[in-house]
Structure formats: structure tokens, C-alpha cells
Amino acid sequence: LKEKDMPSHKVILQSFDFDCVKKLANMNLEYELGVLLSKKKYWYKLPDFKEIAKIADYANPNYKLVTKRFMKLAHEEMLKVLPYTVNKPKAAKKLLHYGVDGIISDIPEEMFKL
């Protein structure tokens with residue numbers, strides 16, 4: 001990223017692997033960090049937002065995991081939430097209503113129309 005002159009404010013390093021994000025956090029990089037949260041792992045339980053907040057700036061869940069409660073708990077820990085992969089405008093509107101901080105999508109041009 002440094003070789004390509006990528007400004008740090010335009011990059012979020014993220015992974016499903018909590019330990020990987022933790023290692024990145026310990027490197028004191030200038031980039032923001034995110035933990036990706038899979039539907040498979042968190043369908044029946046909420047993530048430990050306190051632990052995520054210790055190492056990351058973002059808790060980025062599968063969009064189907066986002067509820068008002070999810071948002072409340074994440075924001076209480078000062079985590080930003082960018083759900084992935086939102087490709088349905090109806091789902092995007094619902095997520096925006098819940099107060100997500102952004103959306104990860106394969107069709108950004110459609111999302112900008114909302």
C-alpha cells in the first residue's frame with residue numbers, strides 16, 4: 001500500500017480472522033482495521049464487541065446479522081459498522097434505517113441512487 005502511495009484514510013484492512021486483525025493492530029499501522037463477522041459464526045450469538053473494539057475500528061457483519069440491537073451494542077463500543085455484501089436496495093434501505101455507517105456492495109452505482 002505504501003509502495004502504491006495509497007492514502008491511509010482510504011483503506012480499511014479487514015479479515016474474518018480475529019487473530020490476524022489483532023496482529024495488525026499490534027503493528028501500530030496507520031490504517032483503520034475491521035473484523036468481518038460471518039453469518040455462520042454469529043447467527044445464534046452476538047459478537048464480543050468489547051473485544052473487537054480493543055483491536056479494530058469496524059465490526060463488519062454479513063448484512064443479515066444487523067439488527068437494531070446489533071447496531072446499539074456496536075456503537076456503544078465506538079465501532080463503526082459496514083455490513084457486507086449488500087446488493088439489494090430494499091436491504092440497503094433497512095440497514096440505513098438501522099444506522100449503519102456504510103455499506104459494502106458489489107453494485108455501488110445502484111446504492112448511490114438510494
Engineer: Between Glu51 and Lys22, is the closest basic N to carboxylate O distance under 4.0 Å?
Structural biologist: no
Engineer: Shortest non-hydrogen contact from Val21 to Gly34?
Structural biologist: CG2-O, 3.5 Å
Engineer: Between Asn60 (side chain) and Pro83 (backbone), is there a donor-acceptor pair under 3.5 Å?
Structural biologist: no
Engineer: Could you tell me the separation between the CG atom of Leu36 and the CZ atom of Phe16, rounded to the nearest 0.5 Å?
Structural biologist: 4.5 Å
Engineer: Between Lys39 and Tyr63, is the side-chain contact (heavy atoms from CB on, under 4.5 Å) condition met? List the steps.
Structural biologist: CA-CA 8 Å; Lys39 186 171 65 171; Tyr63 78 96; over 6 Å; no
Engineer: Between atom CG of Leu33 and atom CE of Met27, what is the distance when rounded to the nearest 0.5 Å?
Structural biologist: 10.0 Å
Engineer: Hey, what do you get for CG (Leu24) to CG (Asp19), rounding to the nearest 0.5 Å?
Structural biologist: 11.0 Å
Engineer: Taking the side chain from Asp101 and the backbone from Val81, do they hold a donor-acceptor pair closer than 3.5 Å?
Structural biologist: yes
Engineer: State the CG-CD1 distance between Leu82 and Ile12, to the nearest 0.5 angstrom.
Structural biologist: 5.0 Å
Engineer: So which heavy atom on Ser38 is nearest to which on Leu65, and how close?
Structural biologist: O-CD1, 3.5 Å
Engineer: Could you measure the distance from the NZ atom of Lys50 to the CG atom of Leu79? Nearest 0.5 Å is fine.
Structural biologist: 10.5 Å
Engineer: Looking at CD of Glu30 and CG of Leu13, how far apart are the two atoms once the value is rounded to the nearest 0.5 Å?
Structural biologist: 10.0 Å
Engineer: Is it true that Phe18 and Trp43 fall in one hydrophobic cluster, defined by side-chain heavy atoms closer than 4.5 Å?
Structural biologist: yes
Engineer: I'd like to know whether Met71 forms a side-chain contact (heavy atoms from CB on, under 4.5 Å) with Val100, so could you lay out the CA-CA distance, the side-chain angles of the two residues, the decisive distance to 0.1 Å, and finally the verdict.
Structural biologist: CA-CA 7 Å; Met71 291 303 303; Val100 298; 3.8 Å; yes
Engineer: Is it the case that Glu32 and Tyr58 place a side-chain donor and acceptor less than 3.5 Å from each other?
Structural biologist: yes
Engineer: Ion pair present between Lys72 and Glu76, side-chain N to carboxylate O less than 4.0 angstrom?
Structural biologist: yes
Engineer: Heavy-atom distance under 4.5 Å between the side chains of Ile104 and Gln14, does that happen here?
Structural biologist: yes
Engineer: Whether the Ser105 and Asn87 side chains hold a donor-acceptor pair (N or O, under 3.5 Å, no angle test) is what I'd like checked.
Structural biologist: yes
Engineer: Looking only at the aromatic ring of each residue, does the gap between the centers of Tyr98 and Phe70 stay below 6.0 angstrom?
Structural biologist: no
Engineer: Could you go step by step and tell me if Met111 and Ile107 meet the side-chain contact (heavy atoms from CB on, under 4.5 Å) rule?
Structural biologist: CA-CA 7 Å; Met111 296 298 129; Ile107 53 167; 4.0 Å; yes
Engineer: Between Leu37 and Asn62, is the side-chain contact (heavy atoms from CB on, under 4.5 Å) condition met? List the steps.
Structural biologist: CA-CA 6 Å; Leu37 306 167; Asn62 177 289; over 6 Å; no
